[in-house]
Structures are given as C-alpha cells and as structure tokens.
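Reminder, nothing fancy here: chain letters follow the sequence lines and each chain counts from 1. Since this is a predicted model, take the numbers as computed values, not measurements.
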Amino acid sequence: MFPLADLEPAYDKAVWLYVYRDFSEDDRDRADERIALRFGFSSYPQHKLVDPHTLEIIGDTGRSVDRFLAAVNAATVKAPRTSDAHSSLVDAEERAIALEKKPTVRKAEAALGDTDIVVRLRGISFLAKEQPESIVERAEDLLAVPNDNLRYAVCEALATAGDESAARALDAIVEDPAGSLNPNVLRGRAVGALARCGDAKSIEVLAPHVDGSQFRNSTTRTVIATLVTLAERLDSKRVTKQVRDILAAGFPDPQEDEREQRMAVALAKTLHKALEDVTGRNVKFPSDYDAKARKKLVGAWD
Amino acid sequence: MRTRLFAAAAAVALAGVSFAGSETPPEGPPWVRSIVEAQKAALEREVPIFVYLTKTH
C-alpha cells in the first residue's frame, strides 16, 4: 500500500508516524510500545489519524487508497486557545521512562492516578506482578477507561487477585465492551476474570454468549469454562441447574462444510465435557454428530 | 486485456495486502519514528498525526 504514488497527495496533510515492535525491549521498542499503549492498540495493523492537541483518535484511514485519501482530507485539527499539549507529552514520556527504568510499588501506585494513560499503564503493569491487590481496589474506575491495554491488565489482575466486588464492572464489559478496538478480546478477558469475581447475576450476563453459532470464536470456550467454575464456586442447586440448562442449549448445529463441522464438533465436545463436570453425569459423546445426535445430547442432562 | 487483468489483480492485492513490517519504514512517505517529534510537527502544521502500527516482528 504505502509505496504507491497514489498516496503522495496525503504526504503533507499529516505527519506520518511509523510504529514497529520487535519485542526486544530496547529503548526503541519501549518507545514504540508506549505509542501502542497510548492509543489502545493490541492488534495489527493499525492505521489511525490522531489529533495532536488531544492525542485522541479522530479517524481510521483503512487500507484502500480512496478511503485513505478521503479520511485524511476529512480530518480537521483545530488549535485550542492555549495549549500545553507538547510539554505535557514530553513530561509524560519522561515519567513513563522513569517508571520503566526504576519501578517501585510506591511509584507504581502513585502512577495509577497519573493524568497520562501510558504512565498509568506502566504503573499497572508493575503492580500486576508485584501487588495486584492495589489494582483490584481501583478496578471499577480503571475498567471505565476506554483503553484496551489498560483494561486487559486490570482483568488479568482481577483474575488472580480479585473478588466479587468487581462483578458488576466486569459484567458491564461482557455486555458491551464499549470503546474497545478489539471488543472480542476484551470481552474474553473480562469473562476470564469473572471465573474468580463473578456471582449469580454474572451467569445471566454470560448466558447469551454460550451460542452454538459462535463455534469459531474462542471466547465461547472461555465463557463455558467460567460458567463451570462459577457453578462449582457458588455451589447451589439453583445455579447448577441454571448453568446446566445454559450449556445444554449451546450445542451447535451440525455443519455441511467439513472444516466448519470439525469446529462445531470441537465446541460440542467442550460443552459435553463441561456438562459432565457440572452435573456429575457420564454421557457418551456420539460417534457421528448429526441433527439427531445433537438433539439427544441437548436432552441428556435433565 | 492483459493490462485489465493485471490491474484487477493489483486491486485485489491492494485490498488484501498487509505490509510485512520491518524496522525500516516503507519508501515514500516522510516517516518519523518518535511521537514527540510527530506531535511537535503536527502542532506546528495543524495537521493530524497518521499512526501506522505495522505487522510486528
């Protein structure tokens, strides 16, 4: 895309910032990582237009020449009356680098309240390893920040050290991962954290995501695993029955395409195993997964 | 005819291309590598920053 002369009209209509991670963690890679963290990038490629005053994303150029030129032409940057945008960024970079080089729990905790998202993320990253409880205390506020990398880190901390006080905030992300550039991944992380932090209400939130048509989606498996864990942890007949019914209704339809059928059967086996774990029953998995076998499996757990 | 086929193939390739990514930016645009530098230039010129995160290593 980029070597094409067709994009030349846009060369002077934006400042072109190239970001490449090699994960060497040298100074160059750290700088590029900070850029990715700042804009919430957790997948590639990304091609965004950013307002230099606010450092907010104002557009996506896409990957076609026409769309690229249209996006750049439509982007407007308006200077506020006064701006300390540049000095703020320079200072923030210095704070983030200082935390990278010599982190301590005290500095990382202070960073959680920083005005800059990258500084906060450096703090969270350190605390996730050293003192995840500090993140758990602030989880609800942190999960409201529309930055994927920050929310992933919080979910990770909650998955290891959280409790039911985070259930509603996690439920909200499962229901609507608003502001995410990678909503399926964010939802999956929140679902994973609910295994430890979820309660009976969380089961209702998770139920729609045990969807047999979503056999290609890895998050479906995460939902199933979390429901099994919740059934075990909450340990009530009502919850067990509720989870059983949710899982049994999730068996996918058999597929005509061979590859799709393999994926559907894989999901069916995951559900089958989960139901055996939840109900304590042993049910034979059919050698041939067709409509008749599916119907029999659905009704085998009452 | 051959030219049309090539153009069609190129269009398909453009739609699906994902630049492999390397330490060296692709030729053409006036790339910068520092967000501090990018912001300074963008503020001076009152233009947006185009941030391109390529395929990683």
Side-chain angles (χ1 to χ4, degrees), chain A residues 1-8 10-24 28-29 31-32 34-36 38-39 41 43-53 55 57-59 61-65 68 71-72 75-79 83 85-86 88-90 92-93 118, chain B:
Chain A
M1 172 181 171
F2 290 109
L4 296 176
D6 288 347
L7 284 181
E8 197 170 345
Y11 285 2
D12 63 352
K13 294 187 179 176
V15 173
W16 293 59
L17 176 60
Y18 184 79
V19 185
Y20 173 79
R21 298 275 334 265
D22 63 10
F23 301 101
S24 64
R28 163 87 269 143
D29 184 56
D32 280 334
R34 287 194 297 275
I35 296 172
R38 177 171 301 286
F39 299 119
F41 296 164
S43 63
Y44 61 81
Q46 296 283 348
H47 22 70
K48 305 290 188 205
L49 293 169
V50 168
D51 184 320
H53 295 283
L55 293 177
I57 293 172
I58 58 173
T61 64
R63 291 157 67 187
S64 74
V65 172
F68 188 102
V72 172
T76 54
V77 170
K78 198 173 174 185
S83 174
H86 191 58
S88 292
L89 177 61
V90 170
E93 283 281 287
V118 175
Chain B
M1 176 66 175
R2 191 179 292 176
T3 304
R4 276 204 292 265
L5 282 173
F6 180 79
V12 170
L14 172 65
V17 74
S18 176
F19 181 69
S22 78
E23 181 64 31
T24 305
E27 281 184 23
W31 297 104
V32 299
R33 295 299 308 276
S34 152
I35 188 171
V36 170
E37 184 186 341
Q39 188 201 38
K40 186 168 188 283
L43 289 169
E44 286 169 357
R45 290 159 47 191
E46 288 300 322
V47 295
I49 303 169
F50 169 60
V51 185
Y52 178 52
L53 171 65
T54 183
K55 184 175 177 179
T56 57
H57 176 66

Region of A:Leu49 in contact with chain B, defined by heavy-atom distances below 4.5 Å: both

Let's test your reading of the structure: which of B:Glu37, B:Gln39, B:Lys40, B:Arg45 forms the most heavy-atom pairs below 4.5 Å with chain A? B:Gln39

Taking B:Arg33 for the side chain and A:Ala31 for the main chain, is one N or O donor matched with an acceptor at less than 3.5 Å? no

Rounded distance (nearest 0.5 Å) linking atom OH of A:Tyr44 with atom CG of B:Leu53: 9.5 Å

Is A:Arg28 in contact with chain B via its backbone, its side chain, both, or neither, using a 4.5 Å heavy-atom distance? side chain

Would you say that A:Tyr18 contacts B:Pro26 through its side chain, given a criterion of any heavy-atom pair below 4.5 Å between the two side chains? yes

Sorted by chain and residue number, the side-chain contact (heavy atoms from CB on, under 4.5 Å) partners of A:Ala36 (sequence neighbours excluded) come out as A:Phe41

Atom of A:Val50, atom of B:Val51 and distance for their closest heavy-atom approach: CG2-CG2, 3.7 Å

For each of A:Glu93, A:Arg38, A:Gln46, tally heavy-atom pairs with chain B at distances under 4.5 Å, and name the one with the top tally. A:Gln46

For A:Ala10, is it the side chain, the backbone, both or neither that has a heavy atom under 4.5 Å from a heavy atom of chain B? neither

Do B:Glu46 and A:His53 make a side-chain contact, defined as non-hydrogen atoms from C-beta onward lying under 4.5 Å apart? yes

Rounded to the nearest 0.5 Å, what's the gap from OH on B:Tyr52 to NZ on A:Lys48? Could you check? 13.0 Å

Measure the CD1-CD1 distance between B:Ile49 and A:Ile57 for me, rounded to the nearest 0.5 Å. 11.5 Å

Give the C-alpha distance, both sets of side-chain angles, the deciding distance and a yes or no for side-chain contact (heavy atoms from CB on, under 4.5 Å) between B:Ile35 and A:Arg34. CA-CA 9 Å; B:Ile35 188 171; A:Arg34 287 194 297 275; over 6 Å; no

Exercise: identify the closest heavy-atom pair between A:Pro52 and B:Pro48: CD-CA, 4.1 Å

Which region of A:Ser43, side chain (C-beta onward) or backbone (N, CA, C, O), has a non-hydrogen atom less than 4.5 Å from a non-hydrogen atom of chain B, or is it both or neither? backbone

